[in-house]
Each structure stands twice: as C-alpha cells, then as structure tokens.
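Predicted, not measured: the structure shown is a model, and the values here were computed from it. Letters A, B, ... mirror the listed sequences (proteins, then strands); counts begin at 1.
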Protein chains: 2
Amino acid sequence: MVDSVETRERRPLSRERVLRAAVELADREGVEAISLRRLGQELGVEAMAIYRHVRDKDDIVDGAVDAVVGEIEVGEPSEDWQAAMRALAMAARSVMLRHRWAPAVIVTRQNVGPAMLGQIERVLQILRRGGFTIDAAHHAVHVLGSRILGFTQDPFNDSAQASGPQPPPDEVVRAFAPYPAVAELAVAARHDGALGGCDDDFEFEFGLDLVLDGLDRRRASASD
Amino acid sequence: MVDSVETRERRPLSRERVLRAAVELADREGVEAISLRRLGQELGVEAMAIYRHVRDKDDIVDGAVDAVVGEIEVGEPSEDWQAAMRALAMAARSVMLRHRWAPAVIVTRQNVGPAMLGQIERVLQILRRGGFTIDAAHHAVHVLGSRILGFTQDPFNDSAQASGPQPPPDEVVRAFAPYPAVAELAVAARHDGALGGCDDDFEFEFGLDLVLDGLDRRRASASD
DNA sequence: ACCTGAACACCGTTCAAGT
DNA sequence: ACCTGAACACCGTTCAAGT
C-alpha cells in the first residue's frame with residue numbers, strides 16, 4: 001500500500017481535500033454552512049490556510065458542485081438514445097438526491113467545471129448518435145437543462161456573458177479538445193459566442209412548446 | 001390627490017416599502033446585496049428599525065420574490081388552454097428578465113407566498129378548463145415548474161415537508177378559499193399531504209418522458 | 001409606539017509575521 | 001514553503017435604552 005487512505009486523508013491540505021470537506025459539510029448542514037472558518041475547523045487548520053489551495057469562497061462552492069456532478073455514474077450508453085438519456089437522467093437524479101443542496105446552487109452559478117462539461121459532452125454524444133442535428137442537439141440540451149439533469153444551468157440565463165473579443169475557432173477547438181461534441185457545438189454556435197451564446201428567446205419558446213405539446217397529448221390520451 | 005406618491009413613498013416605514021426597496025436593490029446589485037444594514041441605508045433608517053416590519057432576512061427575500069411574481073400581468077385567459085398557458089409563460093418570462101436574480105432564488109426557497117399561490121391557481125384553472133383531470137393538471141404544474149414559468153419551486157424537492165399532523169380537509173379548504181383550484185388539488189392529493197406532498201419519483205419520470213417524447217418527435221420531423 | 005446604540009457571534013479576505 | 005494572528009470591513013439578530 002503505497003498511498004493509504006490515511007495518508008491521503010490526513011496531513012497535506014489540498015484542493016481536493018477542501019472540496020471533499022465542503023461537499024460533506026453541505027450534505028450535513030446545507031450550503032449556507034460552508035464558510036472558510038468552518039471548513040478550516042473541519043479540516044483541523046486555520047481558515048486562512050485554505051487560501052493556499054483555492055482562489056476564494058466561490059471557487060470552493062463551484063468546485064464542490066463540480067465534484068458532485070462528477071459522482072454521476074456513467075456506464076457505456078445504450079444504443080437507443082432515449083434509453084441512454086433516461087439512464088443518465090436517473091443517475092443524475094440519484095446523485096442530486098444525495099446532495100440536495102446541489103441543484104439550487106447549480107442553477108445560481110454560471111460556472112461550468114470539467115465534470116459538468118464532461119456530462120454535457122456525454123449528452124451531446126448520445127443525441128448526435130441518436131440522429132440529432134447539431135442544432136436539434138443544442139436545443140435538446142437546453143430543454144433537458146437543470147430541471148431534468150440537475151447539472152446544467154440555464155433558466156433565464158443572460159447569454160450576454162460570451163461577448164467581447166472572440167478567440168479564433170481553432171483556439172476554441174483546442175480548449176475543448178477533451179470534449180469534441182461540445183467543441184463542435186461551440187464552433188457551430190459561433191455566430192454569437194461559444195456555448196451559452198444562443199438565442200435565449202428561441203430556446204425558451206422551443207422548450208415551452210415542447211412541453212405544451214406533450215401535455216396536450218397526455219391530456220388527450222387520458223380523456224379518451 | 002388624497003394619497004400622493006410622495007407621501008406613500010416617504011415617511012412611515014412599512015413592510016411594503018421594505019420589500020420594494022429589496023427588489024430594487026436586487027435588481028441593481030443582485031440578491032447578495034440585500035442586507036438589513038444596506039436596506040436600512042437605502043430607506044434612510046437604522047437597520048434594526050426594519051425588524052419592526054419583517055420577521056427576519058428570509059422574510060424579506062421571500063417577500064421580495066412574491067412581489068416579483070405579483071408583477072406578472074394577467075389578462076383574462078384565452079379560451080384555448082395552450083394559448084392561455086403560452087401567454088402566461090411569456091408574461092412570466094418577461095417579468096423574470098426584469099428581475100434576473102428571481103428565478104434562482106425561487107428555486108432555492110420552498111416558501112409559497114400569496115402571489116405565487118395566485119399564479120398556481122391561475123395555471124390550474126387554465127388546465128382544468130382545458131379538459132385536464134385533477135391528476136393531469138397536477139403533473140402539468142410540476143412539468144411547467146420553475147423552468148418554464150419561473151415561479152414554481154420544485155427541482156428535486158424533498159416533499160417530506162408536509163408530514164406531521166394533518167389539518168382536516170375542510171380546514172385546508174378554508175385556508176385556500178381564495179384559491180379554489182389549488183384547494184381542490186390539495187384535497188385530492190391528500191393521501192400524502194396538501195400540495196407538494198406527491199410522488200416525486202413519479203413527477204420526475206413523467207416530466208422526463210414528456211421531454212424525451214417531445215425531443216424524439218422533433219428529431220424525427222427535422223430529419224424527414 | 002417607534003426607532004437607535006451597543007453588543008454578540010459570526011462572515012470573506014489581506015498581509016505581515018512566524019516556523 | 002506553508003501556516004497563523006491580527007486586522008478590516010462587513011454580516012444577522014437581540015435588547016436595553018432613548019424619544
């Protein structure tokens with residue numbers, strides 16, 4: 001045993017250890033309980049020592065959220081895209097039920113960590129393989145959003161964030177190298193910024209009409 | 001002019017005045033900016049004076065949210081339930097775009113103020129008049145949820161809240177007198193608590209399948 | 001009756017100082 | 001190199017005291 005749990009858990013303060021403590025604390029007492037001082041206490045260290053390993057409190061909360069998203073289990077997706085999406089959604093849900101504070105926090109922040117990006121990549125791949133065009137997959141990601149998946153922010157998201165000097169496409173591709181489907185989408189949606197830069201009004205109405213259609217179909221089938 | 005804007009706006013501190021200041025402050029600087037001290041400053045009063053008119057900070061935030069929800073304009077709903085729901089959703093959206101901090105806050109808190117209750121009542125009436133059964137309307141409210149309407153909390157909501165000694169049905173009806181459709185639903189759903197007491201797993205899968213079906217239909221129509 | 005001052009137990013964050 | 005003490009500018013909330 002080269003690296004026992006004990007040695008990994010004890011001594012050297014690390015970003016990972018801080019984030020793990022934050023998740024556990026939030027699980028026990030809610031996100032509100034997360035504070036530098038409290039976390040220090042939990043880790044047997046003075047609060048200020050934590051600043052050596054994280055930028056600030058927001059960094060801790062974002063990191064804790066991404067750690068939670070990272071817990072979502074991911075077997076090889078089924079061939080049937082609906083079955084694959086359903087399995088992913090249920091897996092996401094069971095994780096969020098273990099960390100009930102997480103969905104609300106995800107919805108508040110617009111930070112997208114690597115785990116979240118990984119899940120978005122997974123969703124896009126399932127959809128693309130299922131025959132969705134880039135555009136259709138894009139809209140689908142929005143509809144599935146935080147409500148169904150618990151790991152995408154969105155509601156009334158002001159997509160104005162992604163303005164400013166835009167990096168050239170190839171740079172975008174390089175940054176998103178581990179996430180090819182996300183990169184593909186980012187480039188495709190480039191007319192108004194990489195990812196998140198999209199027509200909010202359209203996405204909203206797309207989701208709205210999808211839901212209204214679905215409800216109407218169920219209403220009809222129930223009253224038959 | 002019996003009650004000019006000046007006299008209404010100035011002098012006597014009131015709950016309404018506090019909430020209005022809170023909404024304005026959040027609009028300008030985000031929810032984070034809402035604090036007793038800051039609000040006092042804004043109102044030209046010492047922070048502690050505010051406690052005469054609100055219970056605590058949570059009361060202020062909940063009140064501010066309900067005030068925002070109250071801004072949603074509500075003409076006489078169209079005969080066609082889909083058109084009526086669409087109009088309501090768009091009205092809700094435009095309000096939430098004026099108060100971008102609100103949706104995230106709504107999602108966090110499980111408090112349901114009178115304005116929110118009024119909107120739920122409206123939704124239920126539209127659906128019932130559109131031919132939905134109580135059950136179907138119930139599921140519809142969940143699906144429309146915070147994502148579409150911006151004024152219903154829900155995501156991964158632990159419905160365990162409504163346990164404990166249950167008031168008799170007629171008392172529920174009395175409390176919900178101004179909201180007959182909500183009352184109807186509350187009584188109908190009483191097997192596990194008035195409103196919010198419902199099978200979360202079922203609601204989740206209902207919404208999930210509705211969205212997946214809708215996406216599949218659109219994917220198909222796009223690739224034809 | 002309504003507002004205030006002072007106090008308590010907390011925050012996030014910085015930075016010079018310790019080892 | 002890594003952690004700490006002390007400090008700053010904030011929090012929510014209570015309560016005795018002022019008018």
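For Ile106(B) against Val65(B), the heavy-atom pair with the smallest separation is CG1-CG1, 3.4 Å. In terms of heavy-atom proximity, Leu212(B) sits nearest to Met85(A) at CD2-CB, 3.9 Å.
Not counting sequence neighbours, Glu121(A) has no partner by the salt bridge (Lys or Arg N to Asp or Glu O under 4.0 Å) test. In this structure Arg122(B) satisfies the salt bridge (Lys or Arg N to Asp or Glu O under 4.0 Å) test with no other residue, sequence neighbours excluded. Partners of Arg98(B) according to the side-chain hydrogen bond (donor to acceptor under 3.5 Å, both in side chains) rule, which considers only residues two or more places apart in sequence or in another chain, are Glu71(B). The side-chain contact (heavy atoms from CB on, under 4.5 Å) check on Ala67(B) picks up Val23(B), with sequence neighbours excluded. Here Ala22(A) pairs with Ile34(A), Leu39(A), Ile60(A), Ala64(A) under the side-chain contact (heavy atoms from CB on, under 4.5 Å) rule; sequence neighbours left out. For the side-chain hydrogen bond (donor to acceptor under 3.5 Å, both in side chains) test, residues two or more places apart in sequence or in another chain that qualify with Asp62(B) are Arg109(B), Asn111(B).
Atom CD in Glu46(B) sits about 5 Å away from atom P in dT4(C), given to the nearest Å. The nearest whole Å value for the distance from the CZ atom in Arg17(B) to the C1' atom in dC3(C) is 14 Å. For Leu43(B) and dT4(C), the CG to P distance is 11 Å, given to the nearest whole Å. Note: CD (Gln41(A)) to C1' (dC11(C)) measures 14 Å, nearest angstrom. Look at CG on Asp62(A): it is 15 Å from P on dG12(C), rounded to the nearest Å. Taking atom CD1 on Ile50(A) and atom C1' on dC2(D), their separation rounds to 14 Å, with Å as the unit. Separating the NE2 atom of His53(A) from the P atom of dA1(D) is a distance of 14 Å, rounded to the nearest angstrom. Straight-line distance from the CG atom of Leu13(A) to the C1' atom of dT4(D): 13 Å, rounded to whole Å.
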Both distances under 3.5 Å, Watson-Crick or G-U wobble: on that basis, could you give the dot-bracket string for DNA chain C, with [ ] for crossing pairs and | for other-strand partners?
||.|||||...|||||.||
Distance-only donor-acceptor hits, side chain of residues 46-56 of chain A, under 3.5 Å, sequence neighbours excluded:
{"from": "His53(A)", "atom 1": "NE2", "to": "Leu13(A)", "atom 2": "O", "distance (Å)": "3.0"}
{"from": "Asp56(A)", "atom 1": "OD1", "to": "Asp58(A)", "atom 2": "N", "distance (Å)": "3.4"}
{"from": "Asp56(A)", "atom 1": "OD1", "to": "Asp59(A)", "atom 2": "N", "distance (Å)": "3.1"}

Between protein and nucleic acid, restricted to nucleotides 13-15 of chain C and to nitrogen or oxygen atoms under 3.5 Å apart, what atom pairs and distances do you find?
{"from": "dT13(C)", "atom 1": "OP2", "to": "Tyr51(A)", "atom 2": "OH", "distance (Å)": "3.0"}
{"from": "dT13(C)", "atom 1": "OP2", "to": "Lys57(A)", "atom 2": "N", "distance (Å)": "3.0"}
{"from": "dT13(C)", "atom 1": "O5'", "to": "Tyr51(A)", "atom 2": "OH", "distance (Å)": "3.2"}

